[in-house]
Each structure stands twice: as C-alpha cells, then as structure tokens.
Enquirer: 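Got a structure here, written out as structure tokens. Questions coming.
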4 protein chains.
Amino acid sequence: MRRAERDGRMRGLEKISNKRKKILDAAATIFSQKGFHQARMDEIAVAAHVAKGTLYYNFSSKSLLFAATVTEGMETIVRQVRAEMVSDLPFPEHFQLLVTSIVRLYLQHSDLAHIIFNEISSGIDDAVLMEIERVRGRFIEFIAEMLAWGQQKGYIKNIDLKLSAVALAGIIDSVCSHLLQYPEGANEEKAVETLHDILSSGLLKR
Amino acid sequence: MRRAERDGRMRGLEKISNKRKKILDAAATIFSQKGFHQARMDEIAVAAHVAKGTLYYNFSSKSLLFAATVTEGMETIVRQVRAEMVSDLPFPEHFQLLVTSIVRLYLQHSDLAHIIFNEISSGIDDAVLMEIERVRGRFIEFIAEMLAWGQQKGYIKNIDLKLSAVALAGIIDSVCSHLLQYPEGANEEKAVETLHDILSSGLLKR
Amino acid sequence: MRRAERDGRMRGLEKISNKRKKILDAAATIFSQKGFHQARMDEIAVAAHVAKGTLYYNFSSKSLLFAATVTEGMETIVRQVRAEMVSDLPFPEHFQLLVTSIVRLYLQHSDLAHIIFNEISSGIDDAVLMEIERVRGRFIEFIAEMLAWGQQKGYIKNIDLKLSAVALAGIIDSVCSHLLQYPEGANEEKAVETLHDILSSGLLKR
Amino acid sequence: MRRAERDGRMRGLEKISNKRKKILDAAATIFSQKGFHQARMDEIAVAAHVAKGTLYYNFSSKSLLFAATVTEGMETIVRQVRAEMVSDLPFPEHFQLLVTSIVRLYLQHSDLAHIIFNEISSGIDDAVLMEIERVRGRFIEFIAEMLAWGQQKGYIKNIDLKLSAVALAGIIDSVCSHLLQYPEGANEEKAVETLHDILSSGLLKR
DNA sequence: GATGAATGAGCTTTCATTCAT
DNA sequence: GATGAATGAAAGCTCATTCAT
C-alpha cells in the first residue's frame, strides 16, 4: 500500500490521533532514554518528525506531555496484562502467568515501566506527579486484587496484600532493570524462574 | 580574635576535611531532596554555609560532587550494616537481622539509599555513572556474599545468588519507598515482618 | 435548511462586512484591554467567534488589523463629535460642548481613545505606525480648526493653534485616563467642569 | 586619566554600583526606544556591555529591571525638579519655573518621562505595575503640593488640585511628545510659553 | 470564503562553571 | 584557600503566520 493511499483514507480526527501518537511514541523513547529532566523538547520534536511548536500545540507543557506518555503507556501495559490473565487456570498457574506477563511486558516497554514501577523524583509539576502516582497506584491495586483473589481461594498466605503488591512490583522492577543493564548475562527465562521461585516460596529451604 | 589566629587552630588537612564534610553533608541533603538534576549548586553552597566557588575548589564538578556524596554515604551505610552483622547468631536469625538492618538504615538515609538501590537515569557523566554503579555493585555483592554463606550452611535454597541479591535489594527499596511516601499508614515493624516473611517463605501457602 | 440556502440570504459584500465588523469589534475590545503587543490573534479570533485563519483572510497581518481597528474606531468618534458640533450656538457654549463631547466619547471608547491621543510606542510596522499618526493628526487638525474658528470670531486668544490642539488632546487624555484608573473617586461632571475651567481661563486667579 | 587608573580606585560595592548603573543606563535607553514589550534583554545586555546573565544576576527579571529603571530614573528627575524649585521667588515666577523645569527635564529624559507621565499598558507583572503607578502618583502629589502652596497664597483659583496636577502632567507630556515627534518644527521656548500661557489663563480671551 | 493544525524564529530565564581578587 | 560576580550555552515556551483542505 502506498503512503498517499494509506493517508488518503484517514480524515479529520484520525489524522490528528496519528500525529498525537507519533509524538507520544517519540516522547516515550526519549523520556525513557534520558529521563524527564534530561529529555529536551527539541529532541522529541525531531524524533517525532514534527516542529517544536506542534508539541506545544498538542500538549501544553513538557510535564503534561510526560504525564500523557506515562498514562497512555501504562494503560496499554495494564490492558495487555489483564488480557493475558483472562483464563480459568487454577491459581498457582495463574500466579506464574502474572509474573511472566509482567516481566515480558516490562522488558518490552522497559522505558515506561521503570518510570511507573519506581517513584519519580521531584522537579515535575505536582499535579503531574500526582497523576503519575495515581497511575502507579492503579497498577499496584491491580496486583493486589489478583493476590486477594488467590488469598480467597486459599492459595496466598495470610499477609498484607498492599505491601505484598508493592514488594512484587519492586522485585520485578529490580530484576528486570538488572537484566536490561547487563544484557550479556541476561536470561529472561531464568530470571522469571528465579522471581517466581522467590515469590512463591522464598529464599529459605523448608 | 584575628582571622589568622582563629583559623590557626585548625591545620591543613583537618580544615579541608571539615569543609569537605560540611559540603558533603549539605550535598547529601539537597541531592536527596531534589535529585541530581533538580539540585542546584547554589543551594548546596548555601546549605553548606560556603561560597559557591568553594564547592568547585573542593570538587571539580557537580557530577563529581554527586559521586563523592553517594560513595561516602554508601560506605557509611555498608560499614554500619556490616557492623551489625558481626555476630555469631545462627543463620536464620542472621538473615532476619540483615533485612532489619537494611530497612532501618534505608529509612535513616532514604535519600542516598534510593539512589543506590535504583539505577540512576542518564544525564550524568558516564564516568560518574559508572562509579555509582560500581558502588551499587559492591552493595549487591555484599548481600550476595551473605546469601552464599547461608547457602553453604544449607539454609538458602539452590538459587541464583546474584539475582537473589538484586531481588532482595529491589524488594526492600520498593517497600521502604512506599513507607516513606505514605507515612500515615506506615508501620516499620510490620513492613519488616512482611518483607522477611516473603523473602523467607514466599507468598504461597505450603 | 441547507448551508447554501441559509448563506444565500446574505450576499457577497454584506456578509464580508458582517464578519469584518465582528472582527473589528472584537479587535477593538482586545486591543484596548491588552494593548497591541499583549493582544494575541488567538484571543481576538475567539472573541470574534471566527477561526484564526479568518482573521488573516480579512486582514493580512496583526499590524494591519490594528491599523484598521484604530482607523475605523477613530472615524466613528470624529463623526460623532462632528455630529454633536453641528449647532449654531455661540462659540463659548460651542467650546464647552466640544470638551464635553470629547470627554464623553473618550470614556465610551476609552480603549481606542488612549491609542489615538497618545503616541504609539514602537514595535509596529512603520507603515502602520504612520497610518495611525495620520489618523491622530486628522483629529488634532479637527480640534485646531475649531479653535481657529473661535479665534476668527475673537474668542480664542492669539496663541499657536496646533500646539493648543495638542495640549487640549493631552489634557483630556490625561484626566480621562485618571478617571478610568480610579473609578471610585471618579466624577465625570466635575472632571469636565475642571477641564473646561482650566482650558478656558487657566489655573491662576485673575 | 587612564581607565585602569580610574577603575583601580574603586573597590567592592562601588564597582558593583557601577555595573548596576551601566545596566540601568542601557535599560533606560532601550526601554524608551522600544517600550517594555519590544525591548529584548539581549539588546540591553549588548548596550550595557555585559553578558545577558549579568542582567539576571543583578535584576531577577525583565519586569523588575524595568521597575528599577523607571523608579531610579524618576527619582533623579523629581530630585532635579525639586532642586530647581528651592527659591524664594514669588509664586507666579515659581509657577513658571515649575513648568519650564518639567519641560526641560522631560525633554532630557524623554524616554522615562513618557513612561511615567502616561499609564503603562498591561503585560507587566502586577506588582511591578503598581510600583510604577506609585512612582507616578508621587510625582502627581509633588505637583499638587506646589499648586496647594500657590492656592494658600491666593494665586491659584479654587479648583480641584489633584485633577489639576493630573491635567498639568498630561498637557506637558502631550506637548513635549509632540515636540519630540516633530523635531523640525520644534521650538522649546515657544512650547514652554504656550504651555504656560494656557495653564495660567486658558485659551479664551478675557 | 473559511478553517485550524502546523510551524519555527525569537524570547525570557536558568545555572554549571570560571576567574580575578 | 576561598570567594562571588560574571558568563553564555542551553532550554522551555509563545505566537504571528501559513497553507492544505
């Protein structure tokens, strides 16, 4: 399909969406490579193949562009994890799948993932920071719900679920970051296995 | 009292050390409050009660001041954890003590801790970034050694120790950050207990 | 009702005129509120209920829109003053009427008036600036003619008429601006009286 | 006297003052030529022979630099007018001197004068705008005091003094602006004479 | 005729770093 | 050793103007 032909089909809003999407994609790349403060709007504009003004036409500030990037990226990830969870497997397999899915999606969207899994340091508008915390909170909630379900079914021990969800997110973030940082020694399968092992039965021998 | 006379009491290196220390203390405070990119040299100078030029007289750049802050802070923390570990308790109690110590020191030096436990995003000189990663690596090594010792004694299951150390650091960072962010619901003891519980025997019921 | 049908009722120029008028009204409001440099084309478009492109369809630049706004506004004012002057009163009453009329119209169109009475600071195309000065010059001429007529009739003393017209415009602008700025203490009648008093017989007792 | 020699004498604060003064002089020139919004900080820096950063080292924003320029310039003018007023002439001559002095100083500092005599249009921080209005208010007060003194002595007619002061400032501003705008036909003496004539006994014949 | 998304030159402001004293 | 005034290279953001539709 030729380009003109493809673009020709889209009109009005769709086309706008496309430009928004181009910007958000570029922003995700740059923000994840450089972090919020080090990312420059110029760079993002170049990466998105638009003029700098177009960034501001679509997002009224750098902070808001960041917020939009994180929020939309997050929604994609959560949606994907949820999609993979819609199964009627018994809980133990379900739990394993949860860990596996999150790791895979983390590694796919490593840029955004690290932002969401960790707290953002200061220097961003408070409103935007809160929005990001809210998004992260929803993700933690989602994990906590899964654990609650397992607890009801008698698979998860009697333990604080919110803290456990936080711990689960932290442990996955930590191991995945490590994987990404030392790709030579990386082994996704082994990492998933180790993570699942620790999360299931801890470090100590019985 | 004349200036020369007053200053005369302190000699050469000691005086430098004092000023160096004042600067490092101030830097630790500011860097932890604002993060590397948001911290301004002006602020640090004010907080250290020295002129801005003095910062550059002692540390040739912001990045190097940051590196020194992290390194020295880290050494303090590791030294303290090691000190608390010098006991001849049986391993299980030892392991519990390790977790407890790290959590306590993390909360005490939350600023530096989060920097060390997590990776630093870009924007800092590569040389400095490597220095910080090296420091973090040493901390992970330290934990891994502890686990290796437990494994030798038959307490730790057959598992990748490096990954486990990374996981342990990640889970502690995550839970402590959460504690610091939501201080109202914070309960250090319960957090330590939950952490220890997960790390010892996982989330699942046996 | 189809679009063509609805629009069909208004023809060519009239419709343009209407849109032109809407724009000029909005421009007068915004320019007077914010001044030339602070007024944004976006704002004017919103105030005129037209798209920004329509502004440029009708006026090829911000400067020219400003010039048109001032010129048309001015013509309205002068026309109104002239209309009120068409009387066969004896000169002294005529003179009083002149002052009264200008003050009233100034306060009605305070926005444009201040622009015309005062000189415009730079930053506008020279061509446009000259156009505005020309408009202002015509107003000064108009006053000077009135004074010349009074001089011929022996009512106005032997004095430089151009300078006097400039002075008259300046004194009215100054007092009216003051009235607008401190509306709480404002008293239009008293202001007119004072102005007339000074312009008629000066500040000193005879 | 050589430059090094001259500068050598000045130390610390004086030298700072000198740089401040250089900046304020340059700012007065540029602001008066271009107006607040059209004046660029770059230009002022070049005119002051300092780096742009130096502007911000001494004045924390463009608005505040503007405020300082106006305030300090104004103080100079008022001080000079007051200095010329310290005489024990009878009031009528005193009044003539007042007009003459203001006109002369206006023409000397035409840039600042027009800012002070007229109200500033919007777009400047409200705090700064108020400061400028305050400065202008003090000038009006000063004129009003002079008139009050003349009224007490029985020279000034029974008239609103505040409004009269405003009127006096306006008429002088208007005529001086006209003089500056059309320098070819300018005649300072004649302008002063006309102004004084109008202010003393008005436009009408007795 | 009318629109509004897109543009990019130009602006204010920040802040790590330097260097004369 | 210590200082802090001075610097200037960025960086975020604005807005008059254009042009494809």
Enquirer: Should the side chain of K52(D) and the base of dT7(F) be counted as holding a donor-acceptor pair, with the cut-off at 3.5 Å?
Expert: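 Not at all, since no donor on one side and acceptor on the other fall under 3.5 Å apart.
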Enquirer: Round to the nearest Å and state the distance from Y57(C) atom OH to dT18(F) atom P.
Expert: 15 Å
Enquirer: Which is more 5' along DNA chain F, the nucleotide nearest T54(D) or the one nearest S60(A)? Just name the residue.
Expert: T54(D)
Enquirer: Between dG1(E) atom P and H49(C) atom NE2, what is the distance in whole Å?
Expert: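 After rounding, the reported distance stands at 22 Å.
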Enquirer: Are any side-chain N or O atoms of Q38(D) and backbone N or O atoms of G35(D), one a donor and one an acceptor, separated by less than 3.5 Å?
Expert: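 Pair absent, no side-chain N/O of Q38(D) close to backbone of G35(D).
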Enquirer: Is the charged tip of K62(C) near the ring of Y56(C): under 6.0 Å from the six-membered ring centre and within 45° of its axis?
Expert: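 Because its charged atom misses either the 6.0 Å distance or the 45° angle limit, K62(C) does not stack over Y56(C).
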Enquirer: The side chain of Y56(A) lies closest to which of these nucleotides: dG12(F), dT17(F), dA6(E)?
Expert: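 Comparing dG12(F), dT17(F), dA6(E) against the side chain of Y56(A), the answer is dG12(F).
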Enquirer: Check whether any side-chain nitrogen or oxygen of N58(B) sits under 4.0 Å from OP1 or OP2 of dG1(F), and answer yes or no.
Expert: no
Enquirer: Under the 3.5 angstrom rule, does the side chain of T54(D) hit a backbone N or O of V50(D) as a donor-acceptor pair?
Expert: no
Enquirer: Quick check on DNA chain E: between G53(C) and M41(B), whose nearest nucleotide comes earlier from the 5' end?
Expert: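 Nearer the 5' end of the strand: G53(C).
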Enquirer: From CG of D42(B) over to P of dT7(F), roughly how many Å is that when rounded to an integer?
Expert: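 So the CG-P distance, D42(B) to dT7(F), works out to 16 Å.
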Enquirer: Measure the distance from NZ on K22(C) to C1' on dA2(E) and round it to the nearest whole Å.
Expert: 12 Å
Enquirer: Grab the two heavy atoms, one from A68(B) and one from R20(B), that are nearest each other, plus how far apart they are.
Expert: CB-NH2, 4.5 Å
Enquirer: Given the rule that a pair is Watson-Crick or G-U wobble with both distances under 3.5 Å, how would you write DNA chain F in dot-bracket, using | for pairs to a different strand?
Expert: .||||||||||||||||||||
Enquirer: Take the protein atom CD1 of I44(A) and the nucleotide atom P of dG12(F), then report the distance between them rounded to whole Å.
Expert: 8 Å
Enquirer: In whole Å, what separates the C1' atom of dG1(E) from that of dT21(F)?
Expert: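 To the nearest whole Å, 13 Å.
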Enquirer: Can you tell me how far apart CG (N58(B)) and CD1 (I23(B)) are? Round to the nearest 0.5 Å.
Expert: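 These two atoms lie 4.0 Å from each other.
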Enquirer: Is E131(D) salt-bridged to R134(D), cutoff N-O under 4.0 Å?
Expert: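 Salt bridge flag = yes for R134(D) with E131(D).
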Enquirer: Any ion pair linking E72(A) and K21(A) (charged N to carboxylate O, less than 4.0 Å)?
Expert: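 No, no charged N to carboxylate O under 4.0 Å.
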Enquirer: Using atom CD of E43(A) as one end and atom C1' of dA10(F) as the other, report the distance to the nearest whole Å.
Expert: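 Between C1' of dA10(F) and CD of E43(A): 12 Å.
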Enquirer: Specify whether F31(B) and F66(B) have parallel, tilted or perpendicular ring planes, treating 30° as the upper limit for parallel and 60° as the lower limit for perpendicular.
Expert: perpendicular
Enquirer: Under 4.0 Å, counting only non-hydrogen atoms across every strand here, what does K62(C) touch: a base, just sugar-phosphate, or nothing?
Expert: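 Sugar-phosphate, no base atom in range.
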Enquirer: What's the closest nucleotide to the R40(D) side chain, out of dT3(E), dC11(E), dA6(F)?
Expert: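 From the listed options, dC11(E) comes nearest.
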Enquirer: Just to confirm, is there a sub-4.0 Å distance from OP1 or OP2 of dA6(F) to any side-chain nitrogen or oxygen of K19(D)?
Expert: yes
Enquirer: Just how far, in rounded Å, is P of dA11(F) from CG of L55(A)?
Expert: 15 Å
Enquirer: Check the distance between dA2(E)'s C1' and I23(C)'s CD1 and give it to me in whole angstrom.
Expert: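 That distance rounds to 10 Å.
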Enquirer: Using a cut-off of 4.0 Å on non-hydrogen atoms, how would the nucleic acid contact of A39(B) be classed: base, sugar-phosphate, or nothing?
Expert: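 Sugar-phosphate contact only.
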